[in-house]
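In what follows, a single structure is set out as structure tokens and then discussed.
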Amino acid sequence: MTVEELVSTCFDELQISQRFVPYVRRAEEAGFPQLAKLFRALVASETARDALLRDGLTHHADLTDNYFVCPRCGLIFHFDHPAQCPVND
């Protein structure tokens with residue numbers, strides 16, 4: 001199995017970008033059109049993030065660097081962690 005196949009299989013099985021899809025209809029049926037719109041935006045956001053993550057995993061699979069996960073925002077950094085959270089500074 002190649003790196004690309006492993007990453008693709010993982011994301012296809014998890015279907016992360018599609019986890020909010022059922023809630024669009026539920027929100028509409030419950031009379032919450034703005035919430036349905038927000039769920040649609042989450043689907044679009046997760047779809048874009050999914051593509052970035054797939055690409056990043058594929059391109060970084062052979063690196064031997066250490067990784068740091070920011071406990072505040074969840075961003076992943078390779079090498080050293082930043083002095084402060086870039087999102088929640």
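Reckoned from all heavy atoms, side chains included, excluding hydrogens, waters and symmetry mates.
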Nearest heavy-atom pair of Pro33 and Gly31: which atoms, and what distance?
CD-O, 3.2 Å
Interatomic spacing from CD in Glu46 to CD in Gln15 - rounded to 0.5 Å:
13.0 Å
Specify whether Tyr23 and Phe39 have parallel, tilted or perpendicular ring planes, treating 30° as the upper limit for parallel and 60° as the lower limit for perpendicular.
tilted
Chi angles and distances behind the side-chain contact (heavy atoms from CB on, under 4.5 Å) call for Ile76, Phe68
CA-CA 6 Å; Ile76 300 170; Phe68 171 78; over 6 Å; no
Do Val3 and Tyr67 sit in the same hydrophobic cluster, where Ile, Leu, Val, Met, Phe, Trp and Tyr count as joined when their side-chain heavy atoms come under 4.5 Å apart?
no
Can you tell me how far CD of Glu4 sits from NE2 of His59, rounded to the nearest 0.5 angstrom?
8.0 Å
Is the number of heavy atoms from other residues, nucleotides or ligands under 6.0 Å of Phe32 CZ greater than 12?
no
Do the side chains of Thr47 and Gln18 get nearer than 4.5 Å, heavy atoms only?
yes
If you look at every heavy atom in Ala27 and Ala36, which pair is closest and at what distance?
CB-N, 3.6 Å
Distance in Å, Leu53 CG paired with Arg49 CZ, rounded so as to fall on 0.5 Å steps:
5.0 Å
Tell me the closest heavy-atom pair linking Val69 and Gly74, and the distance in Å.
CG1-O, 4.0 Å
If you count the non-hydrogen atoms of other residues, nucleotides and ligands that lie under 6.0 Å from CG in Asp12, is the total more than 12?
yes
Using the rule that two of Ile, Leu, Val, Met, Phe, Trp, Tyr join whenever any of their side-chain heavy atoms come within less than 4.5 Å, decide whether Val43 and Ile16 are in one cluster.
no
Looking at side-chain heavy atoms only, is the closest gap between Ser45 and Phe20 below 4.5 Å?
no
Do Leu52 and Phe11 share a hydrophobic cluster (ILVMFWY, side-chain heavy atoms under 4.5 Å, transitive)?
no
Quick check: does any side chain N or O of Glu5 sit under 3.5 Å from a backbone N or O of Thr2, one acting as donor and the other as acceptor?
yes
Do Leu57 and Leu6 share a hydrophobic cluster, counting only Ile, Leu, Val, Met, Phe, Trp and Tyr and linking them when any side-chain heavy atoms are less than 4.5 Å apart?
no
